[in-house]
S.K.: 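Dropping the structure in here first, questions after.
Note that ligands are numbered from 1 as they come in the structure, with each ligand's atoms numbered from 1 the same way.
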Amino acid sequence: AKARGKNTYHFFSQDLNDAAKEKLLIETQLREAIREHQFVLFYQPKIDIRDQRIVGYEALLRWIRPDGSMIPPLRFIPVAESTGLIVEIGEWVIWEACRFISRQQSKGHDVTIAVNLSARQFTDQNLAAMVERILIRTCAKPQSLTFEITESMLMGDTDAAIAQLNELKNLGVALSIDDFGTGYSSLSYLKRFPVDELKIDRSFVKDIPEDTNDMDIVAAIIAMAQKMNLRVVAEGVETPEQIDFLNNNACYLVQGYFFSMPRAEQELFHLNYQPLVH
Ligand code: C2E
Ligand code: CA
Ligand code: CA
Ligand code: CA
């Protein structure tokens, strides 16, 4: 960029300045959001299409501003990540997910919750100890908790990543690779990580059945997951045609708007343990 000359640099610096201002504003508001308890978790069911039953939920973070507007995670998680605030927010997410599990347990419901981890959390040396403390304090069963991590988090320092995964696994929680297929991992690479599940990224699912290329990719991921004894979940499933395709390729676990959007806990009640009728 330096080689582009002074004027060009000047031209870009205004944009940079605006971006920096926007980031600072979000950062200030995020600190306030933590203080004022403006975060909530929404839950999206994961369905077994063979009997249309809910086998678990993914917890998805929502920021509700005092004026009632809801800010989607993709607008604030990058700022939370770059400022480090994600560590504090992410800890709250784990607490809240475990309290949810615990509340369901006390009603006699065994429920599985998947929690997304950010890169910053994943490289934190204290993560497993923190999770253990939360599990103990909430009495949530470790088997009821799954962590979703992305392939890119496993790419850098592989030994450190494997050590972190093992520490988490030793607590009894399950591990899932999110957005699978977007991060260039190879089969041999994947074999080294002690994970239980792959989630096929929505980008490969959304154009089924029009895009035969994507259908080949999805079929290959499913076959590979089966060979490696990994559970496989398709995300972003919206149509009956997509369900048919997945069913025909023996991928039975799905998430997506076809069954349900992510919802607040109070709005899940009627869904719990009922077969979904469509
Ligand atoms: P993700 O983990 O890949 O989550 C799936 C996203 O797809 C969610 O968006 C969900 O609402 C959306 N989705 C589910 N089914 C469908 C569908 O059928 N069609 C379409 N178009 N979208 C669908 P959301 O809730 O906006 O979250 C976006 C991303 O933000 C997540 O992607 C995840 O990377 C991140 N995120 C959310 N909650 C947390 C959190 O607690 N911690 C961290 N670190 N990241 C989070
Ligand atoms: Ca996820
Ligand atoms: Ca995902
Ligand atoms: Ca995704």
S.K.: Heavy atoms only: which of Leu61, Thr239, Leu74, Ile77 lies closest to atom 46 (C) of ligand 1?
M.R.: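 The residue whose heavy atom sits nearest atom 46 (C) of ligand 1 is Ile77.
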S.K.: I'd like the name of whichever of Phe39, Phe76, Tyr257 reaches closest to atom 13 (N) of ligand 1 through any heavy atom.
M.R.: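 Nearest heavy atom to atom 13 (N) of ligand 1 lies in Tyr257.
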S.K.: Please classify the Glu81 to ligand 1 contact at 4.0 Å (heavy-atom distances, strictly less than): side chain, backbone, both or neither.
M.R.: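 Under 4.0 Å from ligand 1, Glu81 contributes no heavy atoms.
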S.K.: Answer side chain, backbone, both or neither: which part of Asp179 comes under 4.0 Å from ligand 1, heavy atoms only.
M.R.: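 For Asp179, only side-chain atoms sit under 4.0 Å from ligand 1.
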S.K.: Where on Met261 is there a heavy atom closer than 4.0 Å to ligand 1, on the side chain, on the backbone, on both, or on neither?
M.R.: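 None of Met261 does.
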S.K.: Inspect the contact between Asp214 and Lys206 and indicate whether a charged nitrogen and a carboxylate oxygen are less than 4.0 angstrom apart.
M.R.: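 Salt bridge between Lys206 and Asp214, a charged N being under 4.0 Å from a carboxylate O: no.
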S.K.: May I ask you to list the atoms of ligand 1 that are less than 4.0 angstrom from any heavy atom of Val93?
M.R.: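 This gives 41 (O) as the contact atoms.
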S.K.: Any idea which atoms of ligand 1 are less than 4.0 Å away from a heavy-atom of Ser118?
M.R.: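 Selected atoms, number and element: 44 (N).
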S.K.: In terms of ring plane angle, is the pair Trp63 and Phe76 parallel, tilted or perpendicular, where the classes change at 30° and 60°?
M.R.: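 Geometry flag for Phe76 against Trp63: perpendicular rings.
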S.K.: With heavy atoms under 4.0 Å as the rule, classify the contact between Lys206 and ligand 1 as side chain, backbone, both or neither.
M.R.: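 It is neither; nothing of Lys206 touches ligand 1.
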S.K.: Can you give the angle Glu148 OE1 - the Ca ion (ligand 2) - Asn116 OD1, rounded to 10°?
M.R.: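 Nearest ten degrees: 90°.
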S.K.: Atoms of ligand 1 less than 4.0 Å from Glu238 heavy atoms?
M.R.: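 Contacts of ligand 1 toward Glu238, numbered from 1: 17 (C), 18 (O), 19 (N), 20 (C), 21 (N).
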S.K.: Relative to ligand 1, is Val237 under 4.0 angstrom through side chain, backbone, both or neither, heavy atoms considered?
M.R.: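 The answer is the backbone of Val237.
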S.K.: So does Glu197 pair up with Lys46, basic N to acidic O under 4.0 Å?
M.R.: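 Salt bridge present between Glu197 and Lys46.
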S.K.: To the nearest 10°, how many degrees is the angle Asp178 OD2 to the Ca ion (ligand 2) to Glu58 OE2?
M.R.: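 The OD2/OE2 angle about the Ca ion (ligand 2) sits at 170°.
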S.K.: Is any NZ, NE, NH1 or NH2 atom of the basic residue among Arg65 and Asp67 found under 4.0 Å from an Asp or Glu carboxylate oxygen of the other?
M.R.: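 Not counted as a salt bridge, because no side-chain N and carboxylate O are separated by less than 4.0 Å.
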S.K.: Select one of side chain, backbone, both or neither to describe which atoms of Arg202 lie under 4.0 Å from any atom of ligand 1, heavy atoms only.
M.R.: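 The part of Arg202 near ligand 1 is the side chain, not the backbone.
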